[in-house]
Trainee: 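Questions regarding the structure given below will be posed in turn.
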2 protein chains.
Amino acid sequence: MNDSRPIRAKSGTNHEGTSAHNRRVMIDALRINGALSRADLARATRLTKQTVSNIIEELERDGLVGSRDAVKKGRGQPSTPYGLVPQGAFAIGLQIDRHVTRAVAVDLVGSVLVRAEAGLPPRGPSRGTKVILDLVAGVRSKLEIIARQSERRLVGLGVAMPGPFGVDGSGDDPWMMAAWQQFPLLETLAAGTGLDVGLQNDAAAAATAERMVGAAHGLDHAVCLFVGYGIGAGLILNGELYGGANGNAGEIGMALLFADGKSTPLEHRASLASLYEHLSADPADPALHARINDLALRGDPSIQAWVKAAAVDLRWSIHLIETIFDPQTVILCGSAPEALVNSLIAAVGPLLPSIAERRGRTLPRLQPGMADPWSVALGAAAGPISRAFDPRFAAILKDSL
Amino acid sequence: MNDSRPIRAKSGTNHEGTSAHNRRVMIDALRINGALSRADLARATRLTKQTVSNIIEELERDGLVGSRDAVKKGRGQPSTPYGLVPQGAFAIGLQIDRHVTRAVAVDLVGSVLVRAEAGLPPRGPSRGTKVILDLVAGVRSKLEIIARQSERRLVGLGVAMPGPFGVDGSGDDPWMMAAWQQFPLLETLAAGTGLDVGLQNDAAAAATAERMVGAAHGLDHAVCLFVGYGIGAGLILNGELYGGANGNAGEIGMALLFADGKSTPLEHRASLASLYEHLSADPADPALHARINDLALRGDPSIQAWVKAAAVDLRWSIHLIETIFDPQTVILCGSAPEALVNSLIAAVGPLLPSIAERRGRTLPRLQPGMADPWSVALGAAAGPISRAFDPRFAAILKDSL
DNA sequence: CTTATTAAGTCAAATGTATTGACTTAATAG
DNA sequence: CTATTAAGTCAATACATTTGACTTAATAAG
């Protein structure tokens, strides 16, 4: 009679969950609106003045918020706005790419304080791990010099690398990512740094960055179409990054397209990888990024031809994203050179008709996002900040400890 | 200096939010696992035995749960399992389709107690409203006869109709849905019934039904691919139905496919609408559903040809859904005749390779869901039940009242 | 210049829920 | 028959928000 099938249930909550949520809501409000008075916060969050006062006092003790100069606006006692203190928290972001790894340190408001980059030796984790740990250690010590006490306020290490994760077969990038997939990376990094470690794919990281400091700031429904070596979509749904059942949601670049009687993944047609092939360029060449940016700026015909072809696929991808997600806006971003992304954005219009064409739109259907080799590392770093401070359902639950 | 730009913030929560969440978690646990003892509930929800006792007592007072026979399992005091009481709550679901409207009454566990159907006169809401209100009134009075006191326990009226909602242009179905889109339907129904009214598109409704009583029961990440007159995807993400920024998420049928030099929406190629056209059948013919079911069962060659062609597009849709959402499973369901859906499921395999191919899968990539003309109405009714009793982020917030 | 009004923010007590730890009940194992 | 184990209750406590009165500090109006 021992039927010990596991009982599945969501976790309950208690006072601490309530309090944690309210703290996060407060921080979120300050992040979206800038400095606000306690009275404003009370109105916006529907909490009482007293509760807001208590929480603000606590956040101030914790060094997360600080008061600004009082403002007199009309009758009544002048209000004292409170704003986020950038030095209230820090996080390290780590991008692991095919030939290179980048680490950044960011603060509570998402400003990048330290950057560092290193080449990744071939043969994957066996030698790469040391390079990465050294890189992170270097960033941490530089951060500690710039921002005293930052070690104490480090909320985590966010890692971003190309997905998908945990999928059968090695995928289509034999260079090295498959080796990293096998390796217990998160455990190794956690052990090597003593930090909480989280993982995202690079498109998700880009979306996390856009939400903290970019075009998706303050939006609850946005999709970032990320053009890098591959193509992915970072999904902001209900104000949170959506990862799917296994963290692989948004791997749109692996979508198979059928044309001319054969099937091809989207990212073989419109990603940087496809451009490199089109140009017969060596992806490992460190000067390539700048050269492509240059060519794109000058209107190089070979680049233009690729842009024109890629724009067709991206236009369709945007249409599909709008149709499936019904977001407030789509953001086109990438680790591709900025001039190239700008060319793509210019070439991708006019957009295809979709359900996004509705009365009373306030945001453009398509917005440019970051196009910067560092944006993925920034997003990686934004991950732990978001997990620690943004309002989310999981944060009220008792097992989120 | 009067900068009265609105302040945007998420809502805070308080003790009642906590309590509401814990009640919902309790109900959810009983729905997923069947009857459980207080001790089991305490372990599963991570609440204390005492808290669970308090909440169970309250839920029992409210008539939502009831005790079952004590079970002796090993040492210790026998446990008393508590389970949901079906008569604890009721909801009415209303499907508004092109030529027909259906209403059902369901109870807390999603059993259909009453069904009623009526033809919809042409010219849209002007005359249709009365038909609908009469239909709902009829269902309510029949329900009251079957289940005494049900009126008092009616949590709402859920409406399902084809989307998309609020989009420019009339869409591609001139028959009548455009007229319904203009009309203040929800307000009219709320006024005419005195009930809380909610709206979903039909694919979302189907997903809601699958989650309450079907293949998505207990799943937090599932996508229902719904084949009806049109095609849509009902998205269960993080345990909640996802509607997007405007309730139009999942309108995958409107995705444009490019082939043979022209673009065609998916649902012009693979929906019932396309089958009707293929057969030169009149969609308004009430006998059509049964006839198609019959033909499909008998292996009619014309049907088989359509199935074969549609399966290609559906196979690709499933691949796309897996690639973009990374769900635990995809469910193929529809208002199409059951035999037809079964043919489609048979013809759609083998599935395309995707990130869904991973080590340690427990659920099939594709599962059959409901294929029943009443499933949308059932899902419509499941909507209010879910909103009232399922755990969700919005339910803890102060503005969810 | 004085007073009324308005709004921000504080204080202390009250309220609502979950928690704690001791206790009771009731079964099985040995 | 007794020890052990587990379910469930009781009473007191802890925690976070709420309530309503109060204080502070500004502008508007006469």
Side-chain angles (χ1 to χ4, degrees), chain A residues 1-2 4 7 11-26 35-61 65 67-82 395-399 401, chain B residues 1-4 7 11-26 35-60 65 67-82 395-399 401:
Chain A
M1 195 65 80
N2 179 18
S4 61
I7 295 171
S11 173
T13 187
N14 59 10
H15 305 125
E16 277 125 50
T18 302
S19 169
H21 172 73
N22 288 344
R23 280 176 59 120
R24 285 167 182 262
V25 164
M26 224 65 88
L36 293 174
S37 70
R38 299 173 185 210
D40 278 342
L41 280 166
R43 278 185 294 265
T45 61
R46 310 200 177 206
L47 293 165
T48 60
K49 284 185 294 182
Q50 185 58 57
T51 301
V52 171
S53 266
N54 295 340
I55 296 176
I56 286 293
E57 198 181 346
E58 192 189 318
L59 291 175
E60 195 170 18
R61 259 203 318 276
V65 309
S67 57
R68 307 272 190 272
D69 289 340
V71 294
K72 307 175 188 178
K73 47 173 196 284
R75 278 182 194 180
Q77 182 175 122
S79 64
T80 310
Y82 286 78
I396 71 163
L397 306 181
K398 296 189 77 182
D399 53 7
L401 304 176
Chain B
M1 194 66 79
N2 179 17
D3 73 323
S4 60
I7 295 171
S11 174
T13 186
N14 58 13
H15 304 126
E16 278 123 50
T18 301
S19 169
H21 172 73
N22 287 345
R23 280 177 57 120
R24 285 167 182 262
V25 164
M26 225 64 89
L36 293 175
S37 69
R38 300 174 185 208
D40 278 341
L41 280 166
R43 279 184 292 264
T45 62
R46 310 199 178 209
L47 293 166
T48 60
K49 283 185 295 182
Q50 186 58 58
T51 301
V52 170
S53 266
N54 295 339
I55 295 176
I56 286 292
E57 198 180 347
E58 190 189 318
L59 291 174
E60 195 170 19
V65 310
S67 58
R68 307 272 191 271
D69 290 339
V71 294
K72 308 175 187 176
K73 46 173 195 286
R75 278 184 192 177
Q77 182 175 118
S79 62
T80 309
Y82 286 78
I396 70 162
L397 307 181
K398 296 188 79 182
D399 53 8
L401 304 175

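Labels below follow one simple rule: chain letters A, B, ... track the order of the sequence lines, proteins then strands, and each chain is numbered from 1.
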Trainee: Mind checking whether B:T13 and A:I396 have side chains closer than 4.5 Å, heavy atoms only?
Mentor: no
Trainee: Look at the side chain of B:S19 and the backbone N and O of B:H15, then say whether any donor-acceptor pair between them is shorter than 3.5 Å.
Mentor: no
Trainee: Can you measure B:L41 atom CG to D:dG8 atom C1' for me and round it to whole angstrom units?
Mentor: 13 Å
Trainee: Pick one: which of A:T51, A:L36, A:L59 meets side chain to side chain contact (heavy atoms under 4.5 Å, CB included) with A:M26?
Mentor: A:L59
Trainee: Quick check: on DNA chain C, is the nucleotide nearest A:R75 upstream (toward 5') of the one nearest B:T18, or the reverse? Name the residue that is more 5'.
Mentor: A:R75
Trainee: Taking atom types as they are modelled, would you say the side chain of B:H15 forms a donor-acceptor pair with the base of D:dA16 within the 3.5 Å cutoff?
Mentor: yes
Trainee: Of all the choices, D:dA25, C:dA18, C:dG16, which nucleotide is nearest to the side chain of B:T51 once you look at every atom?
Mentor: C:dA18
Trainee: The side chain of A:S19 lies closest to which of these nucleotides: D:dA16, C:dA27, C:dT10?
Mentor: D:dA16
Trainee: Could you state the CD1-C1' distance from B:I55 to D:dT9, rounded to the nearest angstrom?
Mentor: 16 Å
Trainee: Between C:dA18, D:dG8, D:dT17, which one does the side chain of B:T80 approach most closely?
Mentor: D:dG8
Trainee: Atom NZ of B:K398 and atom P of D:dA16: how far apart are they, to the nearest Å?
Mentor: 16 Å
Trainee: Look at the side chain of A:R38 and decide which nucleotide, out of C:dT19, D:dT17, C:dG9, has an atom nearest to it.
Mentor: C:dG9
Trainee: Among the candidates C:dT5, D:dA7, C:dT20, find the nucleotide nearest to the side-chain atoms of B:A39.
Mentor: D:dA7
Trainee: Measure the shortest side-chain to side-chain distance between A:Y82 and A:E60 over non-hydrogen atoms and say whether it is less than 4.5 angstrom.
Mentor: yes
Trainee: D:dT18, C:dT17, D:dA6: which one has an atom nearest the side-chain heavy atoms of B:Q77?
Mentor: D:dA6
Trainee: From the options D:dT17, D:dT18, C:dT28, select the nucleotide whose nearest atom is closest to the side chain of A:Q50.
Mentor: D:dT18
Trainee: Answer with yes or no whether the side chains of B:N54 and B:E58 bring together a donor and an acceptor at under 3.5 Å.
Mentor: no
Trainee: If you look at every strand shown and take non-hydrogen atoms under 4.0 Å, does A:S53 touch a base, only sugar-phosphate, or nothing?
Mentor: sugar-phosphate
Trainee: Within the structure shown, what part of the strands sits under 4.0 Å from B:R43 by heavy-atom distance: base, sugar-phosphate, or nothing?
Mentor: sugar-phosphate
Trainee: Round to a whole Å and report the spacing from CD of B:E16 to C1' of C:dA14.
Mentor: 14 Å
Trainee: Find the distance B:N14:CG to D:dC15:C1' and express it as a whole number of Å.
Mentor: 14 Å
Trainee: Could you check A:R46 against A:P78 and say which one's nearest nucleotide on DNA chain D is further toward the 5' end?
Mentor: A:R46
Trainee: In whole angstrom, what separates A:K73's NZ from C:dG9's C1'?
Mentor: 13 Å
Trainee: What is the separation between atom CG on B:N54 and atom C1' on C:dT20, rounded to the nearest whole Å?
Mentor: 13 Å
Trainee: In whole angstrom, what separates A:K49's NZ from C:dA12's C1'?
Mentor: 15 Å
